[in-house]
Participant: 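The structure follows.
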Amino acid sequence: MNIRKNREDSIFRLGTIFFLQLAAAVLVISGVHSANAFGAEPEEKTELIYASGSRLASVEDRAQLLTEEEETELLKQAAELSQKTGYELRLVTTDQTEGKTTQQFAEAYFESLTDDGPETASGASYVIDMDNRQIYIATYGGLQYYLTDARVDALLDHAYEYVSEGEYDQTFESMLKDTGRYYRKGIPDGTRIVNQDTGEVTVYHKPKTVTPVKVLISLLAGTAGFLAFFASVKSAYSMKGISGDGFSERDQVGLTLKRRDDRLVNQFVTSRRIPRNDGGGGSSGGGTTSTHTTSGGYSAGGGGRSF
């Protein structure tokens, strides 16, 4: 009888340890992913560099539209936003595009400054073009998921209010603020990047996150499973007709615990678009960023507005 009781106690202790380890693992995973889900900011490690041509950001006033104080303040704002987002931000005014359209100038300007190639470049150039009388933003890489076509249109609408009044520093400041605002809002689930030249479509899907409700459900399910496990073992040891010393080593219950690490990551699904003549349209959720291949081989999005 004592042997049976001792075995029951051992099984109970083993089950308790198993349950506690399960609960601790769930709480740790929940803490990590909940922090990301509720917008925890990543640790800042990069030192701000306020220079006219830093790797973080740059401001170049070729058209002499800004005062020295305005240029310094814009550079500070651009560098801070660049550090927070990790994207390269280039601001420039010009009154001579050498025959280029504003779009061509904006793209060539960004690509001439970035150290990254077509596959890794991420960021934007913001242009006030007095030659063609346009403002323009050219977007690259990961920033294209945040600045969809609809968001770029809204950004340009806000900036137009300032550039049409000759408030050029406020024009840039408005564009930077909207970029930061959309970055904080995040990427809408289902956002599509559509390359108009190649037909390639990349769709973004948000990763699943662990919420407090899911943690509670997991803990309740774990508790129920443990109680059922313990009850079944106890019932097995209480069967009539089997003496307390009638068990051999082979009869004893073995419990094997296996660890599995699940990683939640952003999902990007790339496919080749097949045009259809169905007279209709529509997309499921998210937004769309239209891109094209530049003369330098980069994939660029963005848009402009005349003033």
Side-chain angles (χ1 to χ4, degrees), residues 33 36-37 39 81-82 85-90 101-111 114-127 134-159 175 178-209 262-305:
H33 291 287
N36 292 334
L81 181 58
S82 181
T85 62
Y87 296 128
E88 207 172 329
L89 305 177
R90 306 295 183 180
T101 65
T102 309
Q103 174 183 316
Q104 292 170 340
F105 176 85
E107 292 168 355
Y109 185 78
F110 181 90
E111 293 166 21
T114 184
D115 293 330
D116 297 320
E119 299 299 324
T120 56
S122 288
S125 60
Y126 305 82
V127 179
Q134 272 198 332
I135 53 175
Y136 199 91
I137 175 174
T139 60
Y140 292 82
L143 191 56
Q144 293 173 346
Y145 289 94
Y146 294 93
L147 296 182
T148 60
D149 292 345
R151 289 179 171 183
V152 166
D153 283 340
L155 179 152
L156 292 170
D157 287 341
H158 298 155
M175 296 171 89
D178 277 344
T179 300
R181 181 165 61 90
Y182 289 130
Y183 177 80
R184 290 190 297 273
K185 289 183 71 172
I187 306 172
D189 190 34
T191 294
R192 306 184 308 154
I193 305 294
V194 181
N195 189 303
Q196 303 292 337
D197 294 328
T198 65
E200 188 174 87
V201 179
T202 302
V203 183
Y204 168 86
H205 295 292
K206 284 186 177 180
K208 296 181 180 179
T209 56
D262 291 328
R263 294 190 177 185
L264 302 179
V265 296
N266 296 335
Q267 296 182 10
F268 297 89
V269 180
T270 302
S271 59
R272 185 73 63 180
R273 184 180 58 175
I274 302 176
R276 294 183 303 173
N277 262 330
D278 54 11
S283 60
S284 56
T288 299
T289 296
S290 302
T291 66
H292 61 276
T293 303
T294 71
S295 59
Y298 291 75
S299 178
R305 187 82 79 249

Participant: Quick one: pull up CZ in Arg305 and CG in Asp153 and give me the separation to the nearest 0.5 Å.
Facilitator: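 Separation between the atoms: 5.5 Å.
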Participant: What are the two closest heavy atoms between Gly142 and Ser122, and how far apart are they?
Facilitator: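 The pair with the smallest heavy-atom distance is N-OG, 3.1 Å.
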Participant: Could you give the distance from CG (Leu156) to OH (Tyr136), rounded to the nearest 0.5 Å?
Facilitator: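 These two atoms lie 9.0 Å from each other.
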Participant: Look at the side chain of Ser299 and the backbone N and O of Thr293, then say whether any donor-acceptor pair between them is shorter than 3.5 Å.
Facilitator: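 It does not hold such a pair.
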Participant: Taking the side chain as every heavy atom from C-beta outward, state whether Tyr109 and Val127 have any pair of such atoms under 4.5 Å apart.
Facilitator: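 Tyr109 does not reach Val127 side chain to side chain.
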Participant: Could you tell me the separation between the OG1 atom of Thr291 and the CD atom of Glu200, rounded to the nearest 0.5 Å?
Facilitator: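 CD of Glu200 is found 8.5 Å from OG1 of Thr291.
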Participant: Within the 4.5 Å heavy-atom criterion, are Thr289 and Leu147 side-chain neighbours or not?
Facilitator: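 Contact flag for Thr289/Leu147 side chains = no.
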Participant: Measure across Pro118 and Gly296 and return the closest heavy-atom pair with its distance rounded to 0.1 Å.
Facilitator: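 Shortest heavy-atom contact: CG-O, 4.4 Å.
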Participant: Which heavy atom of Ala300 sits nearest a heavy atom of Glu107, and at what distance?
Facilitator: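 Residues Ala300 and Glu107, closest heavy atoms: CB-OE2, 3.8 Å.
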Participant: On a heavy-atom basis, which atom in Tyr87 and which in Gly123 lie closest, and how many Å separate them?
Facilitator: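 Shortest heavy-atom separation between Tyr87 and Gly123 comes out as CB-CA, 3.9 Å.
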Participant: State the OG1-OH distance between Thr139 and Tyr126, to the nearest 0.5 angstrom.
Facilitator: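 Output value for this atom pair is 9.0 Å.
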Participant: Under 30°, 30 to 60°, or over 60°: which ring-plane class applies to Tyr204 and Tyr145, parallel, tilted or perpendicular?
Facilitator: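 Geometry flag for Tyr145 against Tyr204: tilted rings.
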Participant: Is it true that Tyr183 and Tyr146 have ring centroids separated by less than 6.0 Å?
Facilitator: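 Tyr183 vs Tyr146: aromatic centres under 6.0 Å.
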Participant: Can you check whether His292's main-chain N or O pairs, donor with acceptor, with Gln196's side chain at less than 3.5 Å?
Facilitator: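 Side chain of Gln196 to backbone of His292, a donor-acceptor pair under 3.5 Å: no, none is there.
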Participant: Might you point out which heavy atoms bring Ile135 and Ala159 nearest each other, and give the distance in Å?
Facilitator: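 Nearest pair, atom of Ile135 first, then Ala159: CD1-CB, 3.8 Å.
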Participant: Test your reading of the model: is there a side-chain donor-acceptor pair from Ser125 to the backbone of Ala106, 3.5 Å cut-off?
Facilitator: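 Indeed, once roles are kept as given, a pair shorter than 3.5 Å links the two residues.
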Participant: Which one of Gln104, Glu111, Gln103 satisfies the side-chain contact (heavy atoms from CB on, under 4.5 Å) criterion with Thr294?
Facilitator: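 Only one option passes, and that is Glu111.
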Participant: For the residue pair Leu143 and Ala124, what are the closest heavy atoms and their distance?
Facilitator: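 Heavy-atom minimum between the residues: CD2-CB, 3.6 Å.
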Participant: For Asp178 and Arg151, run salt bridge (charged side-chain N to carboxylate O under 4.0 Å, His left out): C-alpha distance rounded to whole Å, both residues' side-chain angles, the deciding distance at 0.1 Å, then the answer.
Facilitator: CA-CA 9 Å; Asp178 277 344; Arg151 289 179 171 183; over 6 Å; no
Participant: What orientation do Tyr140 and Tyr298 show, parallel under 30°, tilted 30 to 60°, or perpendicular over 60°?
Facilitator: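 Correct class here is perpendicular.
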Participant: To the nearest 0.5 angstrom, please state how far the CG atom of Leu155 sits from the CZ atom of Arg181.
Facilitator: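 Those atoms lie 8.5 Å apart.
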Participant: Short question: side chain of Thr114, backbone of Phe110 - any donor-acceptor pair under 3.5 Å?
Facilitator: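 It does not hold such a pair.
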Participant: Drop me the distance from Leu89's CG to Thr179's OG1, to the nearest 0.5 angstrom.
Facilitator: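 These two atoms lie 7.0 Å from each other.
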